[in-house]
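Heavy atoms only: backbone and side chains are in, while hydrogens, waters and symmetry mates are out. Not measured: the values here are computed from a predicted model.
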Amino acid sequence: MSKNNVLKEFARNVRTLRLKRGWSQEELARRADLHRTYIGAIERNERNVSLLNVERIAKALGVRAKDLL
């Protein structure tokens, strides 16, 4: 899988799980202790996310990090 495809899949998974929970980007950001604009940039596939932030987002969503990838 190419780098761009991995980022697209990650972005899609974050957005899908966030919406499934009925959360805004702001709510996910609060739960993951990240900034709302950062979450938005992830979902728009504009950011290459660090592993530490993948883990923070996964914990906030209640899933394993590998489930986002």
Side-chain angles (χ1 to χ4, degrees):
M1 188 178 291
S2 75
K3 173 186 164 188
N4 197 36
N5 287 341
V6 170
L7 295 175
K8 280 183 186 177
E9 178 138 354
F10 179 76
R12 183 175 49 247
N13 290 339
V14 169
R15 179 175 168 79
T16 298
L17 289 168
R18 176 182 63 78
L19 293 174
K20 184 177 179 182
R21 285 156 180 73
W23 295 350
S24 64
Q25 289 177 348
E26 187 172 359
E27 179 63 17
L28 175 55
R30 184 187 67 76
R31 290 172 181 255
D33 197 29
L34 297 167
H35 197 275
R36 180 197 55 79
T37 59
Y38 183 73
I39 297 296
I42 290 169
E43 290 186 1
R44 290 188 304 276
N45 193 29
E46 297 172 351
R47 299 297 300 250
N48 188 357
V49 185
S50 74
L51 286 174
L52 294 175
N53 286 338
V54 169
E55 181 66 19
R56 290 167 97 171
I57 293 167
K59 281 185 179 182
L61 290 167
V63 298
R64 298 172 297 182
K66 73 178 193 172
D67 296 331
L68 295 175
L69 304 171

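Between Ile39 atom CD1 and Arg31 atom CZ the span is 12.5 Å, to the nearest 0.5 Å. Note that the CG atom of Leu51 and the CG atom of Leu69 stand 8.0 Å from one another [nearest 0.5 Å]. Here Leu61 contributes atom CG and Leu17 contributes atom CG; the two are 5.5 Å apart, rounded to the nearest 0.5 Å. Rounding to the nearest 0.5 Å gives a distance of 10.0 Å between CG of Leu68 and CD1 of Ile42.
A salt bridge (Lys or Arg N to Asp or Glu O under 4.0 Å) check over residues 10-20, counting only residues at least two apart or in different chains, returns the pairs Glu9-Arg12, Arg15-Glu43, Arg18-Glu43. Residue pairs meeting the salt bridge (Lys or Arg N to Asp or Glu O under 4.0 Å) criterion with at least one partner in residues 51-63, sequence neighbours excluded, are Asp33-Arg56.
Checked against salt bridge (charged side-chain N to carboxylate O under 4.0 Å, His left out), Arg36 has no partners two or more places apart in sequence or in another chain. Partners of Thr37 under the side chain to side chain contact (heavy atoms under 4.5 Å, CB included) rule, at least two apart in sequence or in another chain, are His35. Residues passing the side chain to side chain contact (heavy atoms under 4.5 Å, CB included) test with Arg30 are Glu27, sequence neighbours excluded.
Leu19 and Leu34 fall into different hydrophobic clusters, defined by Ile, Leu, Val, Met, Phe, Trp and Tyr side-chain heavy atoms under 4.5 Å apart, directly or through other members.
No more than 12 heavy atoms of other residues, nucleotides or ligands sit less than 6.0 Å from atom CD of Glu26.
Val49 places none of its side-chain heavy atoms less than 4.5 Å from the side chain of Leu7.
Of all non-hydrogen atoms in Val63 and Arg21, the two that sit nearest each other are CG1-NH2, 3.9 Å. Asn45 and Ala11 get closest at one heavy-atom pair: N-CB, 4.3 Å.
Although no hydrogens or angles enter the test, the distance criterion places no donor-acceptor pair under 3.5 Å between the side chain of Asn53 and the main chain of Ser50.
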